[in-house]
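See structure below.
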Number of protein chains: 2
Amino acid sequence: MKATIYDVAREAGVSIAAVSQVINGKGKISEERRASIISVMEQLNYKPSLIASALTGKKTYTLGLLIPDISNPFFAEIARAVEDQGDVHGYSLVICSTDNKDERVERYLTLLGQKSVDGIIIGTGMDSGELLDLLLKKSIPLAVIAREMPGHDLATVVVDDYEGGRMAARHLLGLGHTRMAVLAEHRKVISSRERIRGFQDEVVEAGLQLPEYMVKMNGRDLVNDGRRSASELLRYADRPTAVFCCNDLLAIGALQAAKEMGVRVPEELSIVGFDNTILATVTDPPLTTVSQPTEQMGQLVVDLVLSKNDAAKPGESKRVMLKPELVVRQSTGKPISI
Amino acid sequence: MKATIYDVAREAGVSIAAVSQVINGKGKISEERRASIISVMEQLNYKPSLIASALTGKKTYTLGLLIPDISNPFFAEIARAVEDQGDVHGYSLVICSTDNKDERVERYLTLLGQKSVDGIIIGTGMDSGELLDLLLKKSIPLAVIAREMPGHDLATVVVDDYEGGRMAARHLLGLGHTRMAVLAEHRKVISSRERIRGFQDEVVEAGLQLPEYMVKMNGRDLVNDGRRSASELLRYADRPTAVFCCNDLLAIGALQAAKEMGVRVPEELSIVGFDNTILATVTDPPLTTVSQPTEQMGQLVVDLVLSKNDAAKPGESKRVMLKPELVVRQSTGKPISI
DNA sequence: TTGAAAGCGCTACCAA
DNA sequence: TTGGTAGCGCTTTCAA
């Protein structure tokens with residue numbers, strides 16, 4: 001069986017209060033008692049139960065991370081960054097893959113609440129704003145990463161999605177493209193919407209159009225849905241010479257569609273991704289993509305949710321918006337007709 | 001503030017015992033009391049604290065997963081499978097990326113112990129067998145995935161690594177290769193060793209050799225280390241015509257090295273990976289690789305650690321060994337000299 | 001300095 | 001059926 005504080009106290013011939021003191025390094029204890037207690041603790045291999053300590057109002061040293069899917073390399077990278085920074089402060093990480101389904105979001109959120117985690121980091125889309133209020137009422141710190149959470153004043157770390165979209169468009173426009181398409185995620189995903197908006201604004205400012213039928217929404221199975229959507233685009237009589245994909249997974253789908261249909265990339269179709277995951281470096285051809293600084297984002301969001309940062313003006317949540325960066329590889333080029 | 005069982009009891013005009021009854025669906029309560037209590041619970045948005053309930057000896061509904069790195073797509077897939085199956089039984093998942101460092105393994109293991117998780121799934125290498133015994137003594141169920149844990153009789157789910165190595169070798173031999181090399185992980189990683197052993201046995205049985213200088217060990221930064229190792233191999237006067245990589249990440253490194261040095265794949269160098277991650281489908285050329293059934297593995301290991309499977313003979317731990325599968329893509333071909 | 005004791009929120013046993 | 005109550009393991013007053 002597991003040793004408890006009572007075992008240690010008995011063995012050391014002291015009260016449990018004394019043992020608690022040395023565990024927490026507080027209070028006054030004579031050096032010899034402390035030493036003897038410590039030695040007993042080691043001997044019994046005693047480790048204080050975090051459950052019990054949490055019940056007395058202390059921390060659980062657990063953070064929750066809500067993301068669409070841990071097997072999506074982008075979120076896996078975010079998770080790793082969050083885990084590492086949490087680890088720095090002694091926290092461990094509960095992973096919650098939501099598939100962007102409200103039902104899963106809801107279930108996970110209440111579960112994390114019941115487990116009294118010390119903070120929840122949200123990196124997934126969700127409709128259920130009420131749930132957040134509930135959590136807030138239970139005074140669980142919340143922070144948002146890689147997403148906006150409109151209508152809620154939460155600490156947030158994002159990349160400038162709008163600007164990222166503009167960068168992608170600027171790059172393609174600069175190459176001379178005039179017929180461009182977009183592969184987006186579910187419309188629930190705000191970052192995706194922002195990227196499209198930026199892309200579109202830039203295109204329109206250049207005096208061109210982004211007709212609605214050139215913008216395809218996609219479901220959960222990003223690669224395959226992206227592939228299907230791209231095939232459709234490529235079957236148009238006025239098929240696009242370039243496609244901006246709201247993440248690398250969709251871009252890979254587009255790449256596959258092009259390959260299947262014998263459409264050369266980038267000669268006949270330029271493809272731009274988003275996220276700059278490891279995937280973008282290994283595709284054929286390597287993907288031009290908009291990069292997010294995942295490591296920095298993970299660090300910042302953990303510090304925010306744990307309020308390890310310099311406290312902002314009270315009542316005003318911190319917002320950090322990082323700059324994306326365009327990484328040009330070989331999946332983009334001049335349109336062949338030019 | 002968060003509502004407690006006392007709030008509910010007071011509000012409903014009953015004892016906390018009654019409330020506890022309806023939470024756990026046990027004991028006898030009249031239908032009306034039950035209904036009224038339930039309505040009060042909803043009204044107060046009461047959710048029982050899992051911390052408190054865990055302290056009374058019930059489960060924590062938390063599982064720990066130790067893996068080298070969640071940002072490695074193979075382990076991200078495993079994690080997703082484990083998470084989903086855990087979710088089926090109402091458990092959430094704490095992710096622990098160890099980087100295969102004993103120090104991290106140790107820290108995470110004791111942390112999980114202090115948090116009284118209901119089970120730990122180990123998918124990382126480790127030297128510290130004593131720690132496991134300690135955990136076992138504290139009666140935390142353990143199970144191993146995608147690894148062997150020699151010297152410990154633990155429930156285990158693996159793929160037949162040895163056979164996987166043989167399959168890779170058979171494939172390359174069948175293509176006519178005679179000078180082959182291996183890119184392996186750190187020697188601490190047993191699965192890697194088994195894969196090499198299988199590969200080597202098959203090669204030797206074919207009357208060929210696998211000299212030691214053709215086997216390169218690699219560190220934590222798999223892609224880059226793989227790239228470096230592959231460059232070395234390609235600089236040999238008797239450079240190999242094929243290389244078997246113990247995972248897809250190493251294979252990608254090899255691919256990059258080949259590209260950098262102008263070595264054509266598969267014409268001048270055939271590359272075989274292992275794991276069949278999403279990466280293998282997007283590389284240029286797509287990777288021939290040995291596939292592991294991650295989803296099935298995740299499901300099985302969760303059921304094992306929760307003993308949801310049909311109980312084995314007591315005292316005898318369950319072992320499940322799944323068959324790998326060779327997925328032939330375009331990174332392998334006949335050696336050019338033939 | 002030290003320790004007795006009152007919780008933390010919930011479960012489970014036992015008496016009413 | 002119901003509710004009082006003794007813990008679960010630990011923290012934290014508050015006296016001694």
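Within every chain, numbering begins at 1; the chains are lettered A, B, ... in the order of the sequence lines, protein sequences first and strands thereafter.
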Please tell me if the side chains of Leu322(A) and Val158(A) come closer than 4.5 Å, counting only heavy atoms from C-beta onward.
no
Only one of Val320(B), Val301(B), Ile122(B) passes side-chain contact (heavy atoms from CB on, under 4.5 Å) with Ile145(B), and that residue is Val301(B)
Neighbour count above 12 (heavy atom, 6.0 Å) for Gln114(A) CD
yes
Mapping Ala52(A) and Gln21(B) to their closest nucleotides on DNA chain D, which lands nearer the 5' end?
Gln21(B)
With a non-hydrogen cut-off below 4.0 angstrom, is Ile16(B) in contact with a base, only sugar-phosphate, or nothing?
base
Any luck finding a side-chain donor-acceptor pair between Glu83(A) and Ser97(B) under 3.5 Å?
yes
Whole-Å distance between dT11(D) C1' and Ile29(A) CD1?
13 Å
Rounded to the nearest Å, what distance is computed from the OH atom of residue Tyr61(B) to the P atom of nucleotide dT11(C)?
11 Å
What nucleic acid atoms does Val14(B) come within less than 4.0 Å of, heavy atoms only: base, sugar-phosphate, or nothing?
sugar-phosphate
Rounded interatomic separation in angstrom, taking CG from Leu50(A) and P from dC10(D)
10 Å
Let me see the working for Val14(A) and Val19(A) under side-chain contact (heavy atoms from CB on, under 4.5 Å), right down to the final yes or no.
CA-CA 8 Å; Val14(A) 301; Val19(A) 179; 3.9 Å; yes
Are more than 12 heavy atoms from other residues, nucleotides or ligands located less than 6.0 Å from atom CZ of Arg220(B)?
yes
Length of the line joining Leu55(A):CG and dT11(D):P, which is rounded to integer Å:
11 Å
If you compare every side-chain N and O of Lys26(A) against the phosphate oxygens of dT12(D) (OP1, OP2), does one of them come in below 4.0 Å?
yes
I need the NZ-C1' distance between Lys115(A) and dC10(C), as an integer number of Å.
17 Å
Within the pair Ser20(B) and dT11(C), is there a side-chain N or O less than 4.0 Å away from OP1 or OP2?
yes
Whether Arg104(A) and Asp84(B) form a salt bridge (side-chain N of Lys/Arg under 4.0 Å from carboxylate O of Asp/Glu) is what I want to check.
yes
For DNA chain C, find the residues of residues 37-49 of chain B with a heavy-atom distance under 4.0 Å and give them by number; none if there aren't any.
Tyr46(B), Pro48(B), Ser49(B)
Taking 4.0 angstrom as the limit, do Arg80(A) and Asp99(B) come out as a salt bridge?
yes
Quick one: do Leu300(B) and Val302(B) satisfy side-chain contact (heavy atoms from CB on, under 4.5 Å)? Show the steps, please.
CA-CA 5 Å; Leu300(B) 283 168; Val302(B) 168; over 6 Å; no
Counting only side-chain heavy atoms from C-beta out, which of dA4(C), dG3(D), dC8(C) sits nearest to Thr56(A)?
dC8(C)
Side-chain N,O (Ser53(B)) to OP1/OP2 (dG9(C)) below 4.0 Å:
no
Hey, is the side chain of Arg33(A) poking within less than 4.0 Å of OP1 or OP2 on dG3(C), counting only N and O atoms?
yes
Salt bridge (Lys or Arg N to Asp or Glu O under 4.0 Å) contacts in which one or both residues fall within residues 3-13 of chain B, not counting sequence neighbours:
Asp7(B)-Arg10(B)
To the nearest Å, how far apart are Ile23(B) CD1 and dC10(C) C1'?
7 Å
Think Ser15(B) has a side-chain N or O under 4.0 angstrom from the OP1 or OP2 of dG3(D)?
yes
Taking DNA chain D as the partner, which of residues 3-13 of chain B come within under 4.0 angstrom of it by heavy atom?
none
Between atom NZ in Lys59(A) and atom C1' in dC8(C), what is the gap in whole Å?
17 Å
Calculate the interatomic distance between Asn24(A) atom CG and dG9(D) atom P; express it in whole Å.
17 Å
Of the listed nucleotides dG7(C), dG4(D), dT12(D), the one nearest the side chain of Lys58(A)
dT12(D)
